[in-house]
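Below: the structure, in structure tokens.
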Amino acid sequence: MDWDKLRVFHAVAEAGSFTHAGELLNLSQSAVSRQISALEESLSVPLFHRHARGLILTEQGELLFRTARDIFAKLAMTEAQLSDTRESPKGPLKVTTTVAFGTLWLTPRIRDFHDLYPDIQMTLVVDDGELDLAMREADVAIRMQPPRQPDLVQRHLMTLHYKVYAAPEYLRRFGTPQSVEDLDGHRLIVFGDEAKMPVGNVNWLLDAGARAERPRRPVLRLNNVYGIFRAVQSGLGIAALPDYLSHETNNLVAILPELRGPNVDTFFVYPEELRHSKRIAVFRDFLIRKIAELSGGAPAAAEE
């Protein structure tokens, strides 16, 4: 069925005459009449009874009009929703990030985001692997390294600094190391071989100030940051952790302030096709504000 002819039919059925429909469609009366005749011929059924006082739908015409009216009503609703989306973001937003960052930093802040944008339905996937944004496994990723795919938009969010932490309970039992060399006599928690980390020497704490003849033996190896964080919280030992975690709990004590590990840059990443998505824009700006609160500075300009 020809879409243009259906559009003309809908206008004629609404207006009740070729003349009024032509005025609405900016067509001549004869052009409208030809479109209706062509539609009737293609369907092999009459759609209107024609008489001096105007047009009346036939039984077949009534059936087609009900269907056309539903179609145009749905199109009008969709157009309104698209317009609303430009003004008030709504709809699904699937976000993925690492287990530690998603669980400990992002999740507690989602309530604030929901209060601001209640019509956005967020799904959060925490995974230390990388979901494929190009295949729409997620809309947005917060990653601890730049994306390798060339067709992704990226924005630098913040730099994570690794520092050395212990729980107060651990320090009461075993004392506080005063120098890097003192780590030789302490329980260290480090990453296992299966850990997916964006830095080269992920277990730099084992080497810092260590003597070659006396290698340090960790008390525990774990494959992700969240697991190490929980182990430190329990009082098991000392570990290197990203500094944002110290803001999320009251039982981490920074020790050996002169000892710093590698820095990790964090990126906000999404597919090029979603560059103009209002949902992504407001979520990005929300994260920038929250990160500025964390550092006590002003939000940076949102540029890719």
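Because only heavy atoms are used, hydrogens play no part in the values below, and waters and symmetry mates are left out as well, while side chains stay in.
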Quick one: are Val95 and Asp139 in side-chain contact, heavy atoms under 4.5 Å?
no
Under 4.5 Å between side-chain heavy atoms, hopping through other hydrophobics if needed: is there a path connecting Ile142 to Ile280?
yes
How are the rings of Tyr117 and Phe113 set relative to one another: parallel (under 30°), tilted (30 to 60°) or perpendicular (over 60°)?
tilted
Strictly under 6.0 Å, is that where the ring centroids of His156 and Phe268 end up?
no
Decide yes or no on side-chain hydrogen bond (donor to acceptor under 3.5 Å, both in side chains) for Ser28 and Ser30, but give the supporting numbers first.
CA-CA 5 Å; Ser28 67; Ser30 59; 3.1 Å; yes
Are side-chain heavy atoms of Tyr162 and Arg260 found at a separation under 4.5 Å?
no
Count I, L, V, M, F, W, Y as connected when their side-chain heavy atoms are under 4.5 Å apart, and connections chain through other members. Are Val264 and Phe229 then in the same cluster?
yes
Within the structure provided, determine whether Thr96 and Val140 are in side-chain contact (heavy-atom separation under 4.5 Å).
no
Is any side-chain heavy atom of Val164 closer than 4.5 Å to a side-chain heavy atom of Leu205?
yes
side-chain contact (heavy atoms from CB on, under 4.5 Å) partner of Glu62, the single match among Glu59, Gln60, Arg66
Arg66
Are the aromatic rings of Phe9 and Phe48 close, with centres under 6.0 Å apart?
yes
Is it the case that atom CZ in Arg109 sees more than 12 heavy atoms from other parts of the structure closer than 6.0 Å?
yes
Determine whether the aromatic ring centres of Tyr244 and Phe101 lie less than 6.0 Å apart.
yes
Would you say that Gln145 contacts Asp265 through its side chain, given a criterion of any heavy-atom pair below 4.5 Å between the two side chains?
no
Would you mind reporting whether Leu160 and Met158 have side-chain heavy atoms less than 4.5 Å apart?
yes
What one should report as the nearest heavy-atom pair of Gln29 and Phe18 is CG-CB, 3.8 Å
Carboxylate-amine/guanidinium proximity below 4.0 Å for Arg275 and Glu272:
yes
Atom CG of residue position Asn26 - does it have more than 12 heavy atoms of other residues, nucleotides or ligands inside 6.0 Å?
no
Partner of Arg216 under side-chain hydrogen bond (donor to acceptor under 3.5 Å, both in side chains), chosen from Asp184, Asn203, Asp207
Asp184
Looking at every heavy atom in both Tyr270 and Arg284, which two are closest together, and how far apart are they?
OH-NH1, 4.2 Å
Do Val225 and Val125 belong together in a cluster built from hydrophobic side chains that touch within less than 4.5 Å?
no
Any link between Ile56 and Val12 through a network of hydrophobic side chains (Ile, Leu, Val, Met, Phe, Trp, Tyr) touching at under 4.5 Å?
no
Do Val253 and Ile255 have side chains that get closer than 4.5 Å, going by heavy atoms?
yes
Hey, any chance Val232 and Ile238 share a hydrophobic cluster, counting ILVMFWY side chains that come within less than 4.5 Å of each other, even indirectly?
yes
What is the minimum heavy-atom distance between Lys5 and Ala38, and which atoms define it?
CE-CB, 3.4 Å
When you check the gap from the basic side-chain N to the acidic O, do Arg50 and Glu40 get nearer than 4.0 Å?
yes
Could you check whether Lys290 pairs with Asp112 (Lys NZ or Arg NE/NH1/NH2 to Asp/Glu carboxylate O, under 4.0 Å)?
yes
Validation row, ring centre Tyr226 to ring centre Trp105 under 6.0 Å
no
Taking the side chain as every heavy atom from C-beta outward, state whether Leu64 and Leu6 have any atom pair closer than 4.5 Å.
yes
Please check if atom NE2 in His186 has more than 12 non-hydrogen atoms from other residues, nucleotides or ligands closer than 6.0 Å.
yes
